[in-house]
Amino acid sequence: MVGGGIVGLAVAHALVHARPGLALVVLEKEAAVASHQSGRNSGVVHSGVYYRPGSLKARTVAAGRAAGLSS
Ligand SMILES: Cc1cc2nc3c(=O)[nH]c(=O)nc-3n(C[C@H](O)[C@H](O)[C@H](O)COP(=O)(O)OP(=O)(O)OC[C@H]3O[C@@H](n4cnc5c(N)ncnc54)[C@H](O)[C@@H]3O)c2cc1C
């Protein structure tokens with residue numbers, strides 16, 4: 001996989017949990033992970049309260065919250 005931001009790392013985490021023993025490498029061009037947007041954002045957890053009920057955003061953040069990906 002390419003990209004060690006939150007999305008790449010979360011996908012890698014999910015894949016390894018879904019397929020134990022899977023050989024997976026995350027390639028990151030910087031010296032550390034989360035060097036771009038993921039390490040420089042506002043730190044606000046988007047829990048879905050501002051999204052239109054039933055919209056894709058509302059459903060995905062609610063699913064992520066239920067999966068323990070945010071607080
Ligand atoms: C100013 C700002 C404030 C924000 N505030 C919030 C907030 O409060 N709450 C919130 O939930 N979200 C917020 N966001 C959005 C959130 O930070 C991003 O949606 C999220 O971090 C994106 O993650 P990402 O993994 O897709 O991208 P990134 O974190 O940018 O990760 C991409 C990674 O891929 C690497 N990469 C790129 N090309 C290559 C390559 N060719 N080879 C190897 N590696 C490569 C990069 O170096 C980088 O590490 C904010 C964003 C910004 C810009």
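Counting from 1, the numbers follow the sequence of the chain as shown. First listed ligand is number 1; within each ligand, the first listed atom is number 1.
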Exercise: identify the closest heavy-atom pair between [X] and [Y]:
{"X": "Val26", "Y": "Ala12", "answer": "CG2-CB, 3.7 Å"}
{"X": "Ser38", "Y": "Ile6", "answer": "OG-N, 2.8 Å"}
{"X": "Arg52", "Y": "Ala58", "answer": "O-CB, 3.4 Å"}

At less than 3.5 Å, what protein N or O atoms come close to the N or O atoms of ligand 1? Include the distances to 0.1 Å.
unit_1   : atom_1 : unit_2 : atom_2 : d
ligand 1 : 5 (N)  : Ser42  : N      : 3.0
ligand 1 : 5 (N)  : Ser42  : OG     : 3.3
ligand 1 : 8 (O)  : Gly43  : N      : 3.3
ligand 1 : 8 (O)  : Val44  : N      : 2.9
ligand 1 : 9 (N)  : Val44  : O      : 2.7
ligand 1 : 9 (N)  : His46  : NE2    : 3.1
ligand 1 : 11 (O) : Val44  : O      : 3.4
ligand 1 : 17 (O) : Gln37  : O      : 3.4
ligand 1 : 17 (O) : Asn41  : ND2    : 3.1
ligand 1 : 21 (O) : Ser38  : N      : 3.3
ligand 1 : 21 (O) : Ser38  : OG     : 3.0
ligand 1 : 23 (O) : Ser38  : OG     : 3.4
ligand 1 : 25 (O) : Ile6   : N      : 3.2
ligand 1 : 25 (O) : Val7   : N      : 3.0
ligand 1 : 29 (O) : Ser38  : N      : 2.9
ligand 1 : 29 (O) : Ser38  : OG     : 2.6
ligand 1 : 44 (N) : Lys29  : N      : 3.1
ligand 1 : 47 (O) : Glu28  : OE2    : 2.7
ligand 1 : 49 (O) : Glu28  : OE1    : 2.7
ligand 1 : 49 (O) : Glu28  : OE2    : 3.2

Exercise. For Val11, enumerate each residue passing the side-chain contact (heavy atoms from CB on, under 4.5 Å) test, keeping only those at least two apart in sequence or located in another chain.
Key: Met1, Val7, Leu15

Quiz item: Do side-chain atoms of Glu30 reach the backbone of Ala32 as a donor and acceptor pair under 3.5 angstrom?
Solution: no

